[in-house]
Structures are given as C-alpha cells and as structure tokens.
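In what follows, a single structure is set out as structure tokens and then discussed.
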Amino acid sequence: MVSTPAPAHPRHATHDVTNQAPPSVPYDASEDPALLEGLRREGAGWAEEEVRLLGRRAGSAEAQEWGELANRHEPLLRTHDRYGNRIDEVEFHPAWHHLMRVAVGAGLAGAPWADARPGAHVARTAGGLVWGHTDAGHGCPTSMTYAAVPALRAQPDLAKVYEPLLTGREYDPVLRVPTEKPGLLAGMGMTEKQGGSDVRTNTTAATPTAEPGVYTLRGHKWFTSAPMCDVFLVLAQAPGGLSCFLVPRVLPDGSRNTFRIQRLKDKLGNRSNASSEPEFDETVAWLVGPEGRGVKTIIEMVNCTRLDCVMSSATLMRKSLVEAGHHARHRSAFGARLLDQPLMRNVLADLALESEAATTLTLRLAGAADRAVRGDEGERAFRRIATAVGKYWVTKRGPAFTAEALECLGGNGYVEESGMPRHYREAPLLSIWEGSGNVNALDVLRALGREPGAADALFAELALARGADARLDAAVARLKDRLAETDQVGARRLVEAMALALQASLLVRHAPAAIADAFCASRLGGDWGHAFGTLPAGADLNAILDRALPGGA
C-alpha cells in the first residue's frame, strides 16, 4: 500500500502518533544478493544493469501505486456496447495498462525467444523477480505470451506469422487484426467444467472446414485468463482426437471471432487479472501441430508457465520479507526494536532462508531452460524433472511464508492498507495454476518412470555438492533409496525430499556458509520445528539477516 509520508509526530486531539513504521517506498526491488548472484551465475550478467533499473522502478512510489490501483479497481466485463452489439471486452483501470506496458517493454513477455544471447531467458526471469513486486496479476498474460512461442512452433507456418509479434516489446491493448498490431499477447484455454486438469475429458468440438488447417470450435472453457489477449492456444476434440488450436479474437478480415465471455471469475486473489469463462460457437481456429497431439503440443507452453509459477512464488516471498523486515526495523515493543529481539530475528532469518532457496532454485531452473533451448540435452532432462519438483515445493511454501510475514506486522499486517493481505491471497494461486500439487507430484513420478534420463540428471546436479555437507550427503542417499519404493501415496514425500535436497545443494555450492549451514541443519538435519522461527540455536542469524534485508540487520 502506498501512502504519503506523514509529518513527524502529528498531534491528534487525544494522542501523538509514534512508533509506526514509515512508508517502505521507494526501495530497490533488485537489492537482493541471491538474485544478482544467480543472474550472473546462470549466464545473464550482461543484463544486470537493466534488472537493477527495473528493480528501482518496481519499488518506486508510482509503480507500487499502480499495483494497488489495479487490484482495487478490478476488471469489468462489457458484453455489449451501447447499441446492443456483442463485443465481449474487459475494461481495465489505467494502472493495469501502465504495468503491462513496462512489463512488455522490459522483455517479460515473449522477447527472449527473439534474443540470441545466452542467458536471455534467465534475464527475463530475473526481471520478473523484481517487477513482480508491483502486482502479480499482470504477470499472467506476460507469462502465457512467453509460453505460447515454443508451442506455436509446432506449426511453422503460423509461427512465421505470429512469433515476430509475440516476441515484440510493444504493448497494444486494443483488439484489432493481429497482423496489423506492433505486438501481441497470447492466452490459453485448456480446462473445462467437467475435467479441470483432466483435459482429455474436454468436450469442445473442432470441425474441419474446406480450408486445410482451419476448423470451427463449439464448446466452452472453464478458466481462461486474460481474455483481452489477441490470440489463444485452445484444446478441442478434432476427428483425430484432442488437438491444439490457435484462436484469434479478431479475424483477418477485421470481424470479431466468436468468443462469448459468459462471466469473469470472482477469485480469492489475483484480482487485477481477468479470468473468464468463454464460449465458442462456430469460432474460427487454426490447427497447431498434428491432430490428436494436443497435449504434447501445448505441454511446451505448460513447462514455461510452471517455471513462472515458481518465479512468482519466489517473488511474493521476497516482497513479503522486505515488508516484514522494514516493519521490524522501525517498530518497537517491550523496550526494543522488533528487529533486535531474538525471537523475531529467528523468524525473519528463517523466512530469509526460504526466500533465498526459492530465488536460487528459480534462477537455476531458468538457466536450465535457457540452455535446453540452445540444445543442451543434459539441461533439458534436468529441466524436465526439476521444474515439476520446484513447481510443487516452492509454490506450496508460499502461503505459509506470506502468512508468517504478515504476522510480523501484527494487526497492522491484517488490514488492507498494509498490502500484506493482497500477497497472502495471491500465494495459493501459484500452487493451483498449471497443475495442483498432486498433478505436479504425479508428473514427477511420470518423469521418473518414462524418462530414465530425468533421474540421472537430477542426481548429477546433486552430486556437484557431494562431500560439502554431511547432512546433504545423507539426504541424497535417503532419496536414492526411496526412489524404488515410492508409489502415488508417497509421491508428495518423495518430491519434497527432492526439492529440499536440490535447494540445499544449490545453497551449499553458491550461498555463504551461514545460509547453507542453517538451511541444511533445519531442512535436512531435523533441527527445526513446524513453524517458521524455529531455527537451531547455532544458526548465525546476524549473517543471514545482514545478507537478506535491504540495508542489513
């Protein structure tokens, strides 16, 4: 929440206002050693200055206010214009468009696919980690646009037309003929009422027309976010089975394609972003990839958006930690600043470990994605399993993390003016979007069973830290033993063990000793409670907080 700084000690009729934390803005969202070190390590050090500039802008009073306004003034559905014509448009507050314009201009949508520099995908992820401090909702259309490109490449003739526009850096929110715009946004329509993640139960029908590759769709979709995107990748049942299609909002002749928005979802969080239920009726669509291979085609999109779920969770953690640390630095209770009180330091340090582990893993996954795109088969295998592991674990940690960070502000954190309730409501989404926890845990089992190289790639990564910490070595040994005996019932326990070992291995290799030791002692060594703030007595809280909190501890 952005507010104008109050004068020192304003006087009211009954009291003076004291012991309230000042506004946290402006601040630098890129002031995070784990982020900047990971950016350099994963091959995108060349983007550091750009990321720093974006981080300073994200923490500015103006950008923080954009995020607040975009969530306070929620999208409105306009099914008809004043004359009674069906238009199916969503109206956004100007703040939404400001956020989108900066995000697209900074290359957070499809731009990396047109950037030949090694590390381009890492640079985009780092940009998302800082710009996401403003608002999470507008990250949905930028994420889907990014993810649409590799899926669309399954149909080279369509990719030739649309990819240059999807990878552009110009934001144009007006619906018109896609090829007449300087840049495009893409969405996707996969789930339906009766199936959810079980997309093979979809009933939307695709009927071939006389024109090769062109179909008409009839049916509905249950969750289609960002309905003002220019094009959508949609799953529907063709004569040859479930297939992927490109659906433009506006057809080449300038007429509106049938895309009847029945309603916008009334969601727990993510309020700035419009999620819709569209209905297709003789809707014109172009086949992407072969008939019957819809899941295989669109899974390339899902792999990318799952990485963005990890990124967004890590961003929420960092933003919440920054706010909690700022409050603790300026608020006093029982004769001392909150930040100086040992138990609060334990809580903040525990949160800092979780945040650094999430950020470090996010950037490692982005590095794997970048190198996989450039033909590294080992990184492709690692990405396959590690992204699903990270998606499961980091997004699961988000709600508990944001709740604890909110509690650091006490009652002040529970009121909307603090901004913390918005982060708390946002956190559960990332575990649900692109497959819930169970879906991702089962996907890990699927990778282990069908792609032997996936397990080898994971253990090759873990082996890079062998011998550096006995607790990590023991955890990896237990993990190897568990692989042979785990079925669906134990899938979550297995994936949790994978995630913690992976995060620990990255911290042991790349983080300061105080960070790695405390993480291994608590997450792997068993010297930890069930809530944040239960780090062991030997943890170097001072070193952890000096690294994690802007301005140090």
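Computed from a prediction, not measured in an experiment: that's the story for all the values here. Every heavy atom of this structure was used, including side-chain atoms; hydrogens, water molecules and symmetry mates were not.
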Using the salt bridge (Lys or Arg N to Asp or Glu O under 4.0 Å) criterion, which residues pair with D340? Sequence neighbours excluded.
R337
Using ring centroids (six-membered ring only for Trp), state whether F223 and W433 fall under 6.0 Å.
no
Return the CE to CG distance between M311 and L430, rounded to the nearest 0.5 Å.
9.0 Å
Does CD belonging to E407 count more than 12 external heavy atoms closer than 6.0 Å?
no
Atom pair CZ/CG of F519 and L535 - distance to nearest 0.5 Å:
11.0 Å
Shortest non-hydrogen separation from A349 to L541 and the atoms involved
CB-CD2, 3.7 Å
Should W96 and N273 count as side-chain neighbours, where that means a heavy-atom distance under 4.5 Å?
yes
Quick one: NZ on K265 to OG1 on T224, what's the gap to the nearest 0.5 Å?
9.0 Å
Contacts of R425 that satisfy salt bridge (Lys or Arg N to Asp or Glu O under 4.0 Å) - sequence neighbours left out
E416
With sequence neighbours excluded, what pairs up with R466 under the side-chain hydrogen bond (donor to acceptor under 3.5 Å, both in side chains) test?
none
What I'd like to find out is whether the side chain of S24 reaches to under 4.5 Å of the side chain of E323, using heavy atoms alone.
yes
Which side-chain N or O atoms in residues 506-517 pair as donor and acceptor under 3.5 Å with protein atoms at least two apart or in another chain?
unit_1	atom_1	unit_2	atom_2	d
R509	NH1	E461	OE2	3.0
D517	OD1	R471	NH2	2.7

Student check: side-chain heavy atoms of S275 and K267 closer than 4.5 Å
yes
Below 3.5 Å, can you tabulate the donor-acceptor pairs from side chains in residues 100-110 to any protein atom, sequence neighbours excluded?
none

If we only count heavy atoms from C-beta on, is the L185 to Y171 side-chain gap below 4.5 Å?
yes
Got a second to check how far C309's SG is from Y392's OH, nearest 0.5 Å?
15.0 Å
Do Q503 and W393 come within less than 4.5 Å of each other through their side chains, counting heavy atoms only?
yes
Hey, are E48 and R52 close enough for a salt bridge, meaning a charged N less than 4.0 Å from a carboxylate O?
yes
What one should report as the nearest heavy-atom pair of W66 and A95 is O-CB, 3.4 Å
Do you know the tightest heavy-atom contact between L99 and A63?
CD2-O, 4.3 Å
Does a salt bridge link E377 with R384, judged by any charged N lying under 4.0 Å from a carboxylate O?
no
Side chain of E379, backbone of A372: donor and acceptor closer than 3.5 Å?
no
What one should report as the nearest heavy-atom pair of A368 and F382 is CB-CD2, 3.8 Å
Could you report the tightest heavy-atom contact between A454 and I385, atom names first, then the distance?
O-CG2, 3.6 Å
For S320 and H423 the tightest heavy-atom approach is OG-CB, 3.9 Å
Show me the pairs that pass salt bridge (Lys or Arg N to Asp or Glu O under 4.0 Å) and involve residues 541-553, at least two apart or across chains.
E37-R547, E356-R547
Measuring only between side-chain heavy atoms, which start at C-beta, is R271 closer than 4.5 Å to E426?
no
Quick one: does any side-chain atom of K181 pair with a main-chain N or O of L165 as donor and acceptor, under 3.5 Å?
no
For H93, what residues pass the ring-ring contact (aromatic ring centres under 6.0 Å, His included) criterion, not counting sequence neighbours?
H73
Close side-chain approach of M190 to V302, heavy-atom, < 4.5 Å
yes
Check for a donor-acceptor pair, side chain of S505 on one end and backbone N or O of L462 on the other, with a separation under 3.5 Å.
no
Hey, mind stepping through L307 and R383 against side chain to side chain contact (heavy atoms under 4.5 Å, CB included) and telling me if it holds?
CA-CA 10 Å; L307 170 59; R383 174 201 183 200; over 6 Å; no
Do P150 and C304 have side chains that approach each other closer than 4.5 Å (heavy atoms only, starting at C-beta)?
yes
Is a salt bridge present between R374 and D370, judged by a nitrogen-to-oxygen distance below 4.0 Å?
yes
Partners passing side-chain hydrogen bond (donor to acceptor under 3.5 Å, both in side chains) against E434 (at least two apart in sequence or in another chain)
T305
Is there a donor-acceptor pair under 3.5 Å between the side chain of S418 and the backbone N or O of V415?
yes
Let me know which of L339, L338, N19 forms a side-chain contact (heavy atoms from CB on, under 4.5 Å) with S332.
N19
Is the backbone N or O of A186 less than 3.5 Å from a side-chain atom of T145, with the two atoms forming a donor-acceptor pair by type?
yes
Ignoring hydrogens and geometry, is there a side-chain-to-backbone donor-acceptor pair from Q341 to A336 under 3.5 Å?
yes
Exam field: side chain T395 to backbone K391, donor-acceptor pair closer than 3.5 Å
yes
For N542, what residues pass the side-chain hydrogen bond (donor to acceptor under 3.5 Å, both in side chains) criterion, not counting sequence neighbours?
R345
Reported OG1-to-CG distance for the pair T387 and L361, which is rounded to 0.5 angstrom
8.5 Å
So how far is it from F92 CZ to L69 CG, rounded to the nearest 0.5 Å?
15.0 Å
Please check if any side-chain donor atom of D443 sits under 3.5 Å from a side-chain acceptor atom of N440, or the reverse.
no
Taking salt bridge (Lys or Arg N to Asp or Glu O under 4.0 Å) as the test, write out the residues that go with E170, two or more places apart.
none
Pairwise salt bridge (Lys or Arg N to Asp or Glu O under 4.0 Å) hits with a residue in residues 497-508, at least two apart:
none
Give a yes or no answer on whether the side chain of S60 reaches the backbone of R57 with a donor-acceptor pair at less than 3.5 Å.
yes
Check whether W113 reaches the backbone of E163 with its side chain - one donor and one acceptor, N or O, closer than 3.5 Å.
no
Please step through side chain to side chain contact (heavy atoms under 4.5 Å, CB included) for the pair V347 and C408, ending with a clear verdict.
CA-CA 8 Å; V347 171; C408 289; 3.9 Å; yes
Single hit among L321, V394, L406, D350 for side-chain contact (heavy atoms from CB on, under 4.5 Å) with F401
L321
N-O pairing of E354 and R523 below 4.0 Å
yes
Would you list the atom pairs, donor with acceptor, under 3.5 Å between side chains in residues 129-140 and any protein atom, with sequence neighbours excluded?
unit_1	atom_1	unit_2	atom_2	d
W131	NE1	H138	NE2	2.9
H133	ND1	Y27	OH	2.8
T134	OG1	W131	O	2.7
D135	OD1	N71	ND2	2.8
D135	OD1	G137	N	3.3
D135	OD1	S272	OG	2.9
D135	OD2	G137	N	3.2
D135	OD2	H138	N	2.9
D135	OD2	H138	ND1	2.9
D135	OD2	S272	OG	3.3
H138	ND1	D135	O	3.2

